[in-house]
Amino acid sequence: MSAKLIYSALTSLDGYVVDATGRFDWAAPDDEVHAAVNDLTRNVGTQLYGRRMYEVLVAWESDEMLAHPNAVIADFARLWRSADKIVYSRSLERVSSARTRVERDFDPDVIRRLKATADRDLSIGGPELAGQALRAGLVDEIHLFLNQIVVGGGTAALPDGFRVPLELIAERRFASGVVHVGYRIRA
């Protein structure tokens, strides 16, 4: 059995991961939501990122995050550090995290082979890269954490013009009002 490729994102109710001004502070998860994100990440052995998403998340590489007094944050730092990371970028010259390599081009056939041989799941972060993977038929699950805000524009979590049938596999409402919905892509 091959590994799954999982796309998850923290979004506004209207489906944006970043608003029109480039902000995403409104999506900062509380401990309960963050713990759920951690649980989604727990079986991931390889994380695929675009350059912008990698540059946001590389802060998890720091010793301060690993030793953070908040157990949920320290847990995510351990998960980040334990996974292999592939960053897709034509401009990034070097990475500043362990277990990380840069690839210049996203090749769907390489990802298909990786999924077929991996013993743990893969995750994909960043809507542009995820859009490429979705269009190539590589993504097995989509998990969205819908925040209690409508931002009216920005960077969409899902690509325009993309259509695929889904099967609901998870749903959860958090005390903060955030709602998680998880879907399996039906073939």
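Every heavy atom of this structure was used, including side-chain atoms; hydrogens, water molecules and symmetry mates were not.
Between Asp109 atom CG and Leu114 atom CG the span is 12.5 Å, to the nearest 0.5 Å. For the atom pair CD of Gln47 and NZ of Lys85, the computed distance is 5.5 Å after rounding to the nearest 0.5 Å. Taking CG from Leu10 and CG from Leu146, the interatomic distance works out to 10.0 Å, rounded to the nearest 0.5 Å. Between the CD1 atom of Ile73 and the NE2 atom of His34 there is a distance of 6.0 Å, given to the nearest 0.5 Å.
One finds no salt bridge joining Arg51 and Glu128 here, because no Lys/Arg side-chain nitrogen approaches an Asp/Glu carboxylate oxygen to under 4.0 Å. Taking a cutoff of 4.0 Å between a charged side-chain nitrogen and a carboxylate oxygen, Asp121 and Lys115 do not qualify as a salt bridge. Arg42 and Asp75 are joined by a salt bridge, as a carboxylate oxygen and a charged side-chain nitrogen come within less than 4.0 angstrom of each other. Using a cutoff of 4.0 Å between basic side-chain nitrogens and carboxylate oxygens, Arg81 and Asp63 are scored as salt-bridged. Using a 4.0 Å cut-off between a side-chain N of Lys or Arg and a carboxylate O of Asp or Glu, Asp84 and Arg101 do not qualify as a salt bridge.
Checked by atom type and distance alone, the side chain of Thr100 pairs as donor or acceptor with a backbone atom of Ala98 at under 3.5 Å. Proximity of a side-chain donor or acceptor of Asn70 to a complementary backbone N or O of Val72 within less than 3.5 Å is detected.
Side chains of Ser97 and Tyr54 form a contact here, defined as non-hydrogen atoms less than 4.5 Å apart. Residues Thr155 and Tyr16 have side chains not in contact (no heavy-atom distance under 4.5 Å, counting atoms from C-beta outward).
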Scan the side chains in residues 175-187 for donor-acceptor partners under 3.5 Å anywhere in the protein, sequence neighbours excluded, and list what turns up.
from, atom 1, to, atom 2, distance (Å)
Ser176, OG, Val178, N, 3.4
His180, NE2, His143, ND1, 2.8
Arg184, NH1, Glu167, OE1, 3.3
Arg184, NH1, Glu167, OE2, 3.4
Arg186, NH1, Leu166, O, 3.3

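Checked against the 6.0 Å centroid criterion, the rings of Tyr49 and Trp80 qualify as a close aromatic pair.
In the hydrophobic clustering of ILVMFWY residues, with side-chain heavy atoms under 4.5 Å counting as a link, Leu40 and Leu79 come out apart. Under the 4.5 Å side-chain heavy-atom criterion for grouping Ile, Leu, Val, Met, Phe, Trp and Tyr, Leu5 is not connected to Val110 through any hydrophobic cluster.
A side-chain contact (heavy atoms from CB on, under 4.5 Å) with Leu122 holds for exactly one of Asn43, Thr46, Asp140; it is Thr46.
Across all their heavy atoms, Pro159 and Gly131 have their closest contact at CG-CA, 4.0 Å.
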